[in-house]
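Both counts, for ligands and for their atoms, begin at 1 and track the order of listing.
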Amino acid sequence: MGAKILVSACLMGHAVRYDGQAKPLHHPVLDRWQAEGRVVAICPELSAGMPVPRLPAEIERGSGRAVLQGGARVVESNGHDVTDAFRRAAENALALALETGCRYALLIDGSPSCGSGFIYDGSFSGRRRDGEGVTTALLRANGISVFCGSEIEALAAVAG
Ligand code: SF4
């Protein structure tokens, strides 16, 4: 069997995003992975006990790696510090990936957890910046390759 892939639950159609919505990816490669029993779905934020819906959160002055190193915080739009919950979310995702043997992940871009190419800049004004979320940073630090939804074909080229 091909490699297992850790996948953002919202990308699998689960309505777990902060706004109560899903963001399903309809792609034949994803359908094939599912049929082959290779998809391991998780919403890191839900796994850490966050509710649906919840306030939007952004990383202040930094990226996921800085959050892991204690150099940046994750805050909700009302200013509430949710850094610890986002760290727990990342640890849960890493634990599941290791337990199930996932060496690859397909995660939604832009999220303060799952982003891999861009995140938002912490001002809650819709401004993007290059960077990765907290879960992505922890997965990458542990040798798991993270791709975003639009990179699914590149992922299929390496994962089968
Ligand atoms: Fe989707 Fe990841 Fe956000 Fe959960 S944490 S809603 S899986 S982007």
Work out which heavy atom in Ala9 is nearest to a heavy atom in Val16; give both atom names and the distance.
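Closest approach of Ala9 to Val16: CB-CG2, 4.2 Å.
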Looking at every non-hydrogen atom in both residues, tell me the closest pair between Val7 and Val39 and how far apart they are.
CG2-CG1, 3.9 Å
Short list, please: which atoms of ligand 1 are under 4.0 Å from a heavy atom of [X]?
X      : result
Ala9   : 7 (S)
Val16  : 6 (S)
Arg17  : 6 (S)
Ser111 : 3 (Fe), 8 (S)

Donor-acceptor pair, distance only, cut-off 3.5 Å: does the side chain of Asp130 make one with the backbone of Phe118?
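Not a single qualifying donor-acceptor pair exists.
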Checking side chain to side chain contact (heavy atoms under 4.5 Å, CB included) against Leu6, which of Leu106, Val146, Leu139, Ile144 comes through?
Leu139
With a heavy-atom distance limit of 4.0 Å, tell me whether Arg54 approaches ligand 1 through its side chain, its backbone, both, or neither.
side chain
For ligand 1, note which part of Ile42 has a heavy atom under 4.0 Å away: side chain, backbone, both or neither.
backbone
Got an N, O or S from Cys114 under 2.8 Å of atom 2 (Fe) of ligand 1?
yes
Using a strict 4.0 Å threshold on nitrogen-to-oxygen distance, state whether Asp121 and Arg129 make a salt bridge.
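No, no charged N to carboxylate O under 4.0 Å.
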Nearest-contact summary for atom 1 (Fe) of ligand 1 - protein heavy atom, Å
Cys10 SG, 2.3 Å
Atom 4 (Fe) of ligand 1: closest protein heavy atom, distance to 0.1 Å, is Cys43 SG, 2.4 Å
Are side-chain heavy atoms of Leu107 and Ser116 found at a separation under 4.5 Å?
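With C-beta onward as the side chain, the pair stays apart.
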CZ-SG distance between Arg17 and Cys10, expressed to the nearest 0.5 angstrom:
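One finds 5.5 Å between CZ of Arg17 and SG of Cys10.
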